[in-house]
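Please read the structure below before turning to the comments.
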Amino acid sequence: MPELPEVEVVRAGLAPALVGSRVADVEVLDARALTRHAAFGPDPAGDFAARLAGQGILSAVRRGKFLWFPLSSPAGECVVGHLGMSGQMLLRAPGAPRERHERIRILVEHPSHGLVAWVFADQRTFGSLAIDPLVATGDGAPGGFGDDRALVASQAAHIARDPLDPAFDDLALRRALARTSSAVKRVLLDQRVVSGVGNIYADEALWAARVHPETPARALSTRAANRILAEVRAVLTRALAEGGTSFDAQYVNVNGQAGYFARSLQAYGRTGEPCPRCGRPIRRAAFANRSSHFCPACQRAPRVA
DNA sequence: GGAATAACCTGGATGC
DNA sequence: TGCATCCAGGTTATTC
């Protein structure tokens with residue numbers, strides 16, 4: 001499932017082909033891939049294509065799991081996208097066969113690479129694209145990774161910066177942890193507090209920090225909170241270096257290739273296998289409509305009050 | 001207002 | 001073999 005490392009791999013892969021290019025054609029094959037654009041009237045597909053036609057693409061930017069591509073229009077708009085659970089952004093040759101779950105195909109012309117097909121494919125249709133206005137960031141820092149301007153897609157403006165962003169506010173995270181009795185994992189998954197972290201890397205960071213996912217956030221010491229943040233950064237950095245985590249065909253880079261970090265996971269998806277640290281079996285537990293994976297020995301459950 | 005939960009969705013795995 | 005059910009989980013709307 002695409003989290004920060006996977007989305008960054010996609011952004012970095014798209015940038016050379018898209019930045020500096022101009023949109024030559026837009027095909028919307030499934031309007032469900034435009035749910036984020038649905039506010040633009042009764043024909044979101046037609047509106048999306050019309051607004052995008054002829055636009056230049058200025059940069060490829062990411063904050064957390066959101067991607068956006070500022071356009072040359074004087075209106076200050078961008079194409080904003082979220083991959084959801086199974087979205088893919090692929091680069092293909094013009095006229096290449098349709099991908100199995102292809103939803104949108106945007107043909108761009110790049111001054112060096114010529115015509116390139118930018119394909120949005122998505123099995124579960126939780127992902128979406130939209131034309132979106134750019135708005136000023138609240139702190140004056142660059143809106144995301146890939147663009148120095150203090151602008152952010154409006155649909156991504158409500159989420160916090162991600163932990164790899166130089167402008168990430170460590171103190172704000174510690175304060176957020178200190179003011180809620182919610183489980184620490186729930187806070188890590190709250191994109192308004194810290195963006196880019198999903199179920200996989202939350203489990204991995206908490207395992208590395210030896211903190212049980214159900215620990216009430218406000219019960220954490222400052223030292224433990226700092227350790228969790230350090231481990232979040234470490235696991236995201238390692239995963240990024242290995243091209244992200246691929247369990248199946250749901251996550252691939254822009255060329256359709258899988259990442260390697262699944263081999264480096266210590267807890268996530270390893271139910272029943274020995275903990276790499278102590279040898280006790282990794283346990284899986286239901287958590288907020290999904291699962292947590294942890295070592296019951298290394299990560300002690302919080303005491304019930 | 002904060003916190004928890006349901007809904008959205010497809011396809012692979014599993015059980016009968 | 002075929003059908004039903006479960007599961008994966010990011011975001012957002014709804015409910016408490």
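First the proteins, then the strands, lettered A, B, ... as listed; each starts at 1. No hydrogens, no waters, no symmetry mates; every other heavy atom, side chains included, goes into these values.
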Counting only side-chain heavy atoms from C-beta out, which of C/dG10, C/dT12, B/dG11 sits nearest to A/F66? C/dT12

Any A/R186 side-chain N or O less than 4.0 Å from OP1/OP2 of B/dA4: yes

Given atom CD of A/Q123 and atom P of C/dG10, what is their separation to the nearest angstrom? 15 Å

Of the nucleotides C/dG10, B/dT10, C/dT12, which has the atom closest to the A/H158 side chain? C/dT12

Value in whole Å for how far the C1' atom of C/dT11 lies from CG of A/N199: 14 Å

Rounded to the Å, how far apart are A/N289 CG and C/dT11 C1'? 12 Å

Expressed in angstrom and rounded to an integer, what is the separation of A/R192 atom CZ from B/dA4 atom P? 11 Å

Chi angles and distances behind the salt bridge (charged side-chain N to carboxylate O under 4.0 Å, His left out) call for A/E27, A/R98: CA-CA 12 Å; A/E27 288 180 276; A/R98 296 275 185 225; 2.9 Å; yes

For A/F126 and B/dC8, is the gap between ring centres under 5.5 Å while the planes differ by less than 30°? yes

Taking the side chain as every heavy atom from C-beta outward, state whether A/T137 and A/L151 have any pair of such atoms under 4.5 Å apart. no

For the rings on A/W207 and A/Y201, is their centre-to-centre separation under 6.0 Å? no

Hey, does the side chain of A/S182 come within less than 4.0 Å of B/dA4's phosphate (OP1/OP2), counting only N and O? yes

Which sits closer to the 5' end of DNA chain B, A/R103 or A/A183, going by the nucleotide each is nearest to? A/A183

Would you say C/dA8 has OP1 or OP2 under 4.0 Å from some side-chain N or O of A/S291? yes

N/O (side chain, A/H82) to phosphate O (OP1/OP2, C/dT11) under 4.0 Å: yes

Expressed in angstrom and rounded to an integer, what is the separation of A/I159 atom CD1 from C/dG10 atom C1'? 12 Å

A/R32 side-chain N/O to B/dT10 phosphate OP1/OP2 under 4.0 Å: yes

Side-chain N or O of A/R290 closer than 4.0 Å to phosphate OP1/OP2 of C/dG10: yes

Rounded to whole Å, please give me the gap between CZ in A/R179 and C1' in B/dG2. 11 Å

Expressed as a whole number of angstroms, how long is the span from A/L83:CG to B/dC8:P? 22 Å

Could you tell me the separation between the CZ atom of A/R63 and the P atom of C/dG10, rounded to a whole number of Å? 19 Å

On a heavy-atom basis, the closest approach of A/V232 and A/P163 is CG1-CG, 3.8 Å

Ignoring hydrogens and geometry, is there a side-chain-to-backbone donor-acceptor pair from A/H110 to A/V19 under 3.5 Å? yes

Please determine if a side-chain N or O atom of A/T125 lies less than 4.0 Å away from the OP1 or OP2 oxygen of B/dC8. no

N or O in side chain of A/R284 less than 4.0 angstrom from C/dA8 OP1/OP2: yes

